[in-house]
Amino acid sequence: MTEPLDPYASAALRELATRGFIEQLSDAAAIDAALATGPITFYIGYDPTAASLHVGNLVCIMAMRRLQRLGHRPIVVMGSGTARIGDPSGKSELRKMLDPDAIASNVARIGQVFGRFLELDGDAAAIVVDNFDWLSGLGYIGFLREIGVHFTVNRMIATKTYRDRLDAEAPLSFIEFNYQLLQAYDFLRLYRERGCTLQLGGSDQWGNMIAGVELIRRTGLDAAGPAHCLTFPLLTTTDGKKMGKTEKGAVWLDAAMCPPFDYYQFWIGCDDGDVRKLLAIYTDLEMDEIDARCQVQGAALREVKALLAFEATKLCHGEEAARAAASAAVQAFGAGDDWSAVPQVTVATPNVRLVDLLVDPAVAAFPSKRQARERISGGAVKLDGEPCREPDRELRAEQFTDQCVRLQVGKKLRLRVVLGGSP
RNA sequence: GGAUGGGUUCCCGAGUUGGCCAAAGGGGGCGGACUGUAAAUCCGCUGCGUCACCGCUUCGUAGGUUCGAAUCCUACCCCAUCCA
C-alpha cells in the first residue's frame, strides 16, 4: 500500500491515489516525477480468455481512462499470444489450453469495449496492439539467448505467482512457467518500439510486471529512462467477496452477455459501505461531488446508488441505455407498470409449465427443477404481481396481456415472458 | 523405495461394532419474513428426476463379499508426515 501522506507532484498519481486505484508502485518517486514532467505512454495487457471483459477488469480500464484524460497515452495489449500460454497467476491449476479460433473471436468482441472507455483519436489516442504479432515469430534459441539469460529460476520461483503453486505442491507446467518471460518481453517491445514506460495491472500481476521492469533495465535503457509498474487493488465488497461476481457469475461488460438492465441492477444492489469507493473508481464524478453525495445515511443512500448505477451504466452502455435501465428499474421495482425496458424471454406457446420455464437456460432462475419446485412452493415466484405457488401450473394464453407476462423471481430477477414465434 | 495417517456432498468437517446415511454440524448460496432492490436478524431450502412418503446417482478409482457398504476385503491412484 502506498502512503499518500506527502502528496504526489503529478496530477495523475494524485488522482489515482485519491480515487483508490493504487496498490503498489515499483518506484513511487520516479513514477511521480515522470508523470509530472509530461505525457507518458503506458500499457495494460488483457488475455482474451473469455468472450467479454467483466466488472473485475473494469478497474484497469477506468484507470486508463483517468490517465488518458490527463494527457497520457494508453496502449491496450491484446494477449492473443500469451493467451496461448496461460497465466498461472491466481490459478490453482493448469487451465485448459484455448484454441486459436476461440482466442480470435474473443479478441474481436473484447476489442469493442475499449472504444467506449477510451479516446481513440487525438493527441493521447489509445492504440490496441496484439502480442501475437511479435510473439508468434520468436525463435526458441534466439529468445533464450536474448531474453532468457536475464532471468534466474531462483528469482522466478520466489514470486508469488509461482510460489503459491509450488507451496501448494500443485503442478506448475513448463509452459506456464514461461508466461512471465513473455509478459516481460511484451513490456520490452513496447518500451523499445513505442516508448512505453509504465505498465498497469491488477495486484496479482505484480510479479509479471516487475519482471518486465527488470528485463528492461538489464537489457539497457534508452532515452525513455527506467520503466515502472503500478498495480491496482483487488476490489472486494465490504463483506469480503470478490467484486463483480453474482450468483449468476461474472458481470460482463458485453451487452449480449449482460443486458444493461442487469448491469444497472448489479450496481444498485451493492452494499451501502461500498458506495463511495465504487463511485470513485467506476464513475467520472468529481471527488468533491462524491463526498458530498455520500454524506447521507440510511434509505437516502438509495439515490446515491441510483447515481452510481446510472453513471456506471452510462459509461459502459451509453447514456440512452442507462436512462432506459434506470426508468425500467423504477417501473419494475417500484410501483410502476411499464416493463417495456425489462429484459425478456420468448416462449413459442403459452402452455409452459412454470417449473420448465424457470429452469430454461434463457431464464436460468434455478439450477434444477427440484429446486425450482421448492422455491415456487415457497412463494418465490410472482406472475404479474400475483404469487404463484404451483410449480406445475401452465401459463395460459389469456394471461398474456399484450403478449406478455411479468415474471418476478425472488427479490431481484425480473423478466418479461413474451409470447411469440422467433426467439 | 519403506513406515504411518488420510482421501466424504459447493467448501470445511462428522460418520468406518455394515442397515435408522442423500449422509451430523458449520460456512457459503438461494428462498421467505422484516426492510431501503442495502446490512443485521429470524425462518426455510440446499444431489438429480416425469418428485410429499417413489426412483436414480453420489462418500479417491476399479473390482469383490453381502439380502444390504461411505462403513468389510483386494488391487490401484493421490495427499500428509516421518525414515532412506
Side-chain angles (χ1 to χ4, degrees), chain A residues 92-94 165-172 236-251 258-279 293-310 312-313 322 325-339 341-343 351-361 363-383 385-394 406-415:
Chain A
S92 57
E93 53 192 49
L94 177 64
R165 193 73 77 79
L166 294 172
D167 284 350
E169 307 233 4
L172 171 67
T236 55
T237 58
T238 311
D239 43 358
K241 294 183 196 99
K242 239 189 202 174
M243 189 54 206
K245 296 279 187 194
T246 68
E247 62 279 5
K248 299 187 89 170
V251 178
C258 176
F261 178 82
D262 293 338
Y263 190 77
Y264 183 92
Q265 287 304 320
F266 166 74
W267 297 102
I268 284 287
C270 76
D271 190 292
D272 281 13
D274 293 326
V275 175
R276 182 178 179 280
K277 179 171 75 183
L278 298 180
L279 279 166
R293 297 294 302 257
C294 289
Q295 292 302 312
V296 297
Q297 296 281 322
L301 260 176
R302 289 174 65 209
E303 278 177 46
V304 189
K305 288 185 184 179
L307 177 68
L308 165 67
F310 176 77
T313 308
S327 74
V330 172
Q331 296 291 326
F333 290 92
D337 236 12
D338 175 15
W339 279 40
V342 174
N351 305 329
V352 186
R353 279 195 314 162
L354 208 44
V355 242
D356 295 326
L357 177 68
L358 294 176
V359 170
D360 187 285
V363 177
F366 301 112
S368 73
K369 289 187 184 176
R370 186 179 204 89
Q371 228 174 76
R373 271 179 224 283
E374 283 163 2
R375 295 298 107 88
I376 294 168
S377 334
V381 173
K382 289 183 184 169
L383 294 174
E386 291 302 311
C388 176
R389 289 170 179 267
E390 302 157 51
D392 291 317
R393 172 119 137 239
E394 288 189 353
R406 291 167 194 171
L407 172 69
Q408 296 181 34
V409 183
K411 282 179 189 158
K412 304 228 165 114
L413 184 60
R414 302 287 136 113
L415 280 175

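Quick note on labels: first sequence line is chain A, next is B, and so on, each numbered from 1.
A distance of about 10 Å separates the C1' atoms of B/rG27 and B/rG13, rounded to the whole Å. As rounded to the nearest Å, B/rA62 and B/rU9 have P atoms that lie 15 Å from one another. Rounded to the nearest Å, the gap between the P atom of B/rU4 and that of B/rC59 is 27 Å. Rounded to whole Å, the P atom of B/rU37 lies 15 Å from the corresponding atom of B/rG31. Taking the P atom of each, B/rU46 and B/rC53 are spaced 12 Å apart, rounded to whole Å. Straight-line distance between the C1' atoms of B/rU57 and B/rG49: roughly 10 Å, to the nearest whole Å. Between the P atoms of B/rG1 and B/rC20, the separation comes to 41 Å (whole Å). Annotation: B/rU58 and B/rG36 have their P atoms spaced 49 Å apart (nearest Å).
Summarising the base pairing, B/rA24 is matched to no nucleotide, lacking a Watson-Crick or G-U wobble pair whose two defining distances lie under 3.5 Å. For B/rC42, the paired base is B/rG32 (Watson-Crick or G-U wobble, both distances below 3.5 Å). In this structure, B/rG18 forms no base pair with any nucleotide, since neither Watson-Crick nor G-U wobble geometry is met with both distances under 3.5 Å. Taking a pair to require two hydrogen-bonding distances under 3.5 Å in either a Watson-Crick or a G-U wobble arrangement, B/rG68 remains unpaired. Across the strands present, B/rC48 finds its partner in B/rG55; the criterion is a Watson-Crick or G-U wobble pair with both atom distances under 3.5 angstrom. Using N1 to N3 plus N6-O4 or O6-N4 for Watson-Crick, or N1-O2 and O6-N3 for G-U wobble, each under 3.5 Å, B/rU81 pairs with B/rA3. Summarising the base pairing, B/rC76 is matched to B/rG60 through a Watson-Crick or G-U wobble pair whose two defining distances lie under 3.5 Å.
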Pair up each side-chain donor or acceptor in residues 294-305 of chain A with any protein partner under 3.5 Å, not counting sequence neighbours, and list the distances.
{"unit_1": "A/Q295", "atom_1": "NE2", "unit_2": "A/D291", "atom_2": "O", "d": "3.1"}
{"unit_1": "A/K305", "atom_1": "NZ", "unit_2": "A/C270", "atom_2": "O", "d": "2.8"}
{"unit_1": "A/K305", "atom_1": "NZ", "unit_2": "A/D272", "atom_2": "OD1", "d": "2.8"}

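Straight-line distance from the CZ atom of A/R389 to the P atom of B/rG44: 15 Å, rounded to whole Å. What separates CD of A/Q371 from P of B/rG44 is a distance of 17 Å, to the nearest Å. Computed from coordinates, the A/L278 CG to B/rA38 C1' distance equals 12 Å when rounded to whole Å. Summarising the geometry, the separation between OH on A/Y264 and C1' on B/rA38 is reported as 15 Å, rounded to the nearest angstrom. Here B/rA38 presents its C1' atom at 13 Å from CG of A/L308, a figure rounded to the nearest Å. Atom CZ in A/R353 sits about 7 Å away from atom P in B/rU50, given to the nearest Å. The interatomic distance linking A/R414 (CZ) with B/rU37 (P) rounds to 10 Å, in whole Å. In this structure, the NZ atom of A/K277 is 18 Å from the P atom of B/rA38, given to the nearest Å.
Projected onto RNA chain B by closest heavy-atom contact, A/Q265 and A/R375 fall at different nucleotides, the more 5' of which corresponds to A/Q265. Of the residues near RNA chain B, A/E374 and A/G379, the one whose nearest nucleotide (by heavy atom distance) lies more toward the 5' end is A/G379.
Scanning both residues, A/L415 and A/W339, for their nearest heavy atoms gives O-CZ3, 3.6 Å. Residues A/Q265 and A/A329 share a closest heavy-atom pair of NE2-CB, 3.4 Å. Here the closest non-hydrogen pair linking A/Y264 and A/A325 is CB-CB, 3.7 Å. The shortest heavy-atom contact between A/K412 and A/F333 is O-CZ, 3.3 Å.
The nucleotide whose nearest atom lies closest to any side-chain atom of A/F333 is, among B/rU37, B/rC51, B/rG36, B/rU37. Minimum atom distance to the side chain of A/K411 is reached by B/rC34, of the listed B/rG36, B/rG31, B/rC34. Of the candidates B/rC51, B/rG36, B/rG32, B/rG36 carries the atom nearest the A/K305 side chain, counting heavy atoms from C-beta on. Nearest nucleotide to the A/F366 side chain, out of B/rC48, B/rC30, B/rU37: B/rC30.
A distance of 5.5 Å separates CH2 of A/W267 from CG of A/L278, quoted to the nearest 0.5 Å. Between the CG atom of A/L407 and the CG atom of A/L383 there is a distance of 6.0 Å, given to the nearest 0.5 Å.
Checking the phosphate oxygens (OP1, OP2) of B/rG49, a side-chain nitrogen or oxygen of A/S368 falls inside 4.0 Å. Between A/K369 and B/rU50, a side-chain N or O to OP1/OP2 separation shorter than 4.0 Å is present. For B/rU37, the OP1/OP2 oxygens have a side-chain nitrogen or oxygen of A/R302 closer than 4.0 Å.
The shortest side-chain heavy-atom distance between A/K369 and A/L358 does not fall under the 4.5 Å cut-off.
With its glycosidic angle within 90° of 0, B/rU50 adopts the syn conformation.
When heavy atoms are screened at a 4.0 angstrom cut-off, A/A329 is found touching base atoms of the nucleic acid.
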